[in-house]
Amino acid sequence: MKGFLFTAMWGLFVWLLATLFFRLFGEYVLFHPGSGSVEFFISTILLLVGTSAVLWGVTYVYLLFDKTNHATLKFGFFGTIIGLALDTFTLSYHHLVFPKLDNSQVIAFTAWMTIAYALYLFIPYIFNKKVSYK
């Protein structure tokens with residue numbers, strides 16, 4: 001159970017990092033996802049590139065601390081579970097968590113979040129493929 005608590009703390013850290021980023025900078029980086037919105041497309045791509053880099057780095061650092069078999073898969077799996085559970089409340093109370101975002105920016109956040117959780121599963125999977133286990 002101790003190993004899962006450690007992994008859960010890392011998942012909570014990643015969720016908190018993302019939530020704080022969008023609380024502080026969301027109004028500047030999230031654009032209306034209307035049809036033909038070039039700003040939305042470009043900002044979402046840039047956010048996902050940044051998200052990939054951060055997740056890659058966090059996964060690498062996590063692997064320095066957890067040397068167990070399939071540690072990165074455990075990190076991605078539990079991090080995604082924790083993040084999705086907490087984001088249920090984040091989205092339900094978005095007017096409190098993200099007071100500066102309008103409804104279209106909350107939709108843009110949700111679109112980013114959906115792809116980000118796919119990355120949260122995929123990047124640890126790639127790490128797991130690259131790490132050789134005995």
Side-chain angles (χ1 to χ4, degrees):
M1 188 64 166
K2 182 180 174 185
F4 291 113
L5 183 59
F6 179 73
T7 306
M9 296 303 292
W10 277 80
L12 184 63
F13 169 75
V14 170
W15 172 83
L16 188 61
L17 184 70
T19 302
L20 286 175
F21 175 82
F22 284 102
R23 180 167 174 99
L24 296 174
F25 304 109
E27 65 183 312
Y28 307 111
V29 298
L30 294 170
F31 296 93
H32 176 70
S35 60
S37 175
V38 175
E39 295 89 5
F40 170 72
F41 179 74
I42 291 171
S43 71
T44 302
I45 295 298
L46 291 174
L47 284 169
L48 291 172
V49 168
T51 301
S52 297
V54 169
L55 283 172
W56 192 271
V58 171
T59 304
Y60 177 79
V61 172
Y62 177 82
L63 197 55
L64 296 176
F65 292 99
D66 188 349
K67 302 286 188 189
T68 61
N69 283 344
H70 308 293
T72 58
L73 293 178
K74 181 174 66 172
F75 171 65
F77 181 75
F78 283 102
T80 299
I81 289 172
I82 289 167
L84 283 172
L86 292 172
D87 277 331
T88 300
F89 297 103
T90 300
L91 291 173
S92 297
Y93 298 102
H94 66 85
H95 58 283
L96 297 173
V97 179
F98 304 119
K100 296 179 182 177
L101 301 184
D102 61 31
N103 287 341
S104 68
Q105 288 174 312
V106 172
I107 292 170
F109 169 75
T110 305
W112 165 83
M113 184 184 73
T114 303
I115 301 170
Y117 279 116
L119 290 171
Y120 206 163
L121 293 170
F122 184 68
I123 290 172
Y125 171 77
I126 295 298
F127 263 83
N128 188 65
K129 287 296 202 184
K130 290 186 176 222
V131 174
S132 62
Y133 293 103
K134 295 179 181 178

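None of these values were measured; they are calculated from a predicted model.
Scored by the side-chain contact (heavy atoms from CB on, under 4.5 Å) test, Phe13 finds no partners at all (sequence neighbours excluded). Every residue two or more places apart in sequence or in another chain that forms a side-chain contact (heavy atoms from CB on, under 4.5 Å) with Phe21 is listed here: Phe25, Val29, Leu47. With sequence neighbours left out, Glu39 forms a salt bridge (charged side-chain N to carboxylate O under 4.0 Å, His left out) with no residue at all. With sequence neighbours left out, the side-chain contact (heavy atoms from CB on, under 4.5 Å) criterion links Val61 to Trp10, Phe65. In this view, Phe98 and Phe109 satisfy the ring-ring contact (aromatic ring centres under 6.0 Å, His included) rule, not counting sequence neighbours. The ring-ring contact (aromatic ring centres under 6.0 Å, His included) test applied to Phe40 returns no partner, not counting sequence neighbours. Partners of Val97 according to the side-chain contact (heavy atoms from CB on, under 4.5 Å) rule, which considers only residues two or more places apart in sequence or in another chain, are Thr19, Thr90.
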Evaluation steps, side-chain contact (heavy atoms from CB on, under 4.5 Å), between Leu101 and His95: CA-CA 8 Å; Leu101 301 184; His95 58 283; over 6 Å; no
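Of the possible donor and acceptor atoms, none in the side chain of Ser104 sits under 3.5 Å from a partner among the backbone N and O of His32.
Taking all atoms of both residues into account, the shortest heavy-atom contact from Phe75 to Thr7 is CA-CG2, 3.7 Å. Considering all non-hydrogen atoms of both residues, Leu119 and Ser52 come closest at CD1-OG, 3.4 Å. A pairwise comparison of heavy atoms in Ile107 and Pro33 identifies CG2-CG, 3.7 Å as the closest pair. In terms of heavy-atom proximity, Phe31 sits nearest to Ala108 at O-CB, 3.4 Å.
The only member of Phe6, Trp56, Phe127 that meets ring-ring contact (aromatic ring centres under 6.0 Å, His included) when paired with Tyr62 is Phe6.
Residue Leu121 belongs to no hydrophobic cluster, having no ILVMFWY side-chain heavy atom closer than 4.5 Å to its own.
The shortest side-chain heavy-atom distance between Thr88 and Leu84 does not fall under the 4.5 Å cut-off. Asp102 has its side chain out of reach of Val106: every pair of non-hydrogen atoms, C-beta onward, lies at least 4.5 Å apart.
Pairs of residues two or more places apart, or lying in two chains, never qualify as salt bridge (Lys or Arg N to Asp or Glu O under 4.0 Å) while including a residue from residues 48-61. Judged as a side chain to side chain donor-acceptor pair (under 3.5 Å), the pairs with a partner in residues 105-120 (not counting sequence neighbours) are, in order, Thr51-Trp112, Asp87-Tyr117. Within the structure, the salt bridge (Lys or Arg N to Asp or Glu O under 4.0 Å) test picks out the following pairs touching residues 10-28 (sequence neighbours left out): Glu27-Lys100. Residue pairs meeting the salt bridge (Lys or Arg N to Asp or Glu O under 4.0 Å) criterion with at least one partner in residues 47-56, sequence neighbours excluded, are absent.
With no hydrogens or angles considered, no side-chain donor-acceptor pair links Thr72 and Tyr125 at under 3.5 Å.
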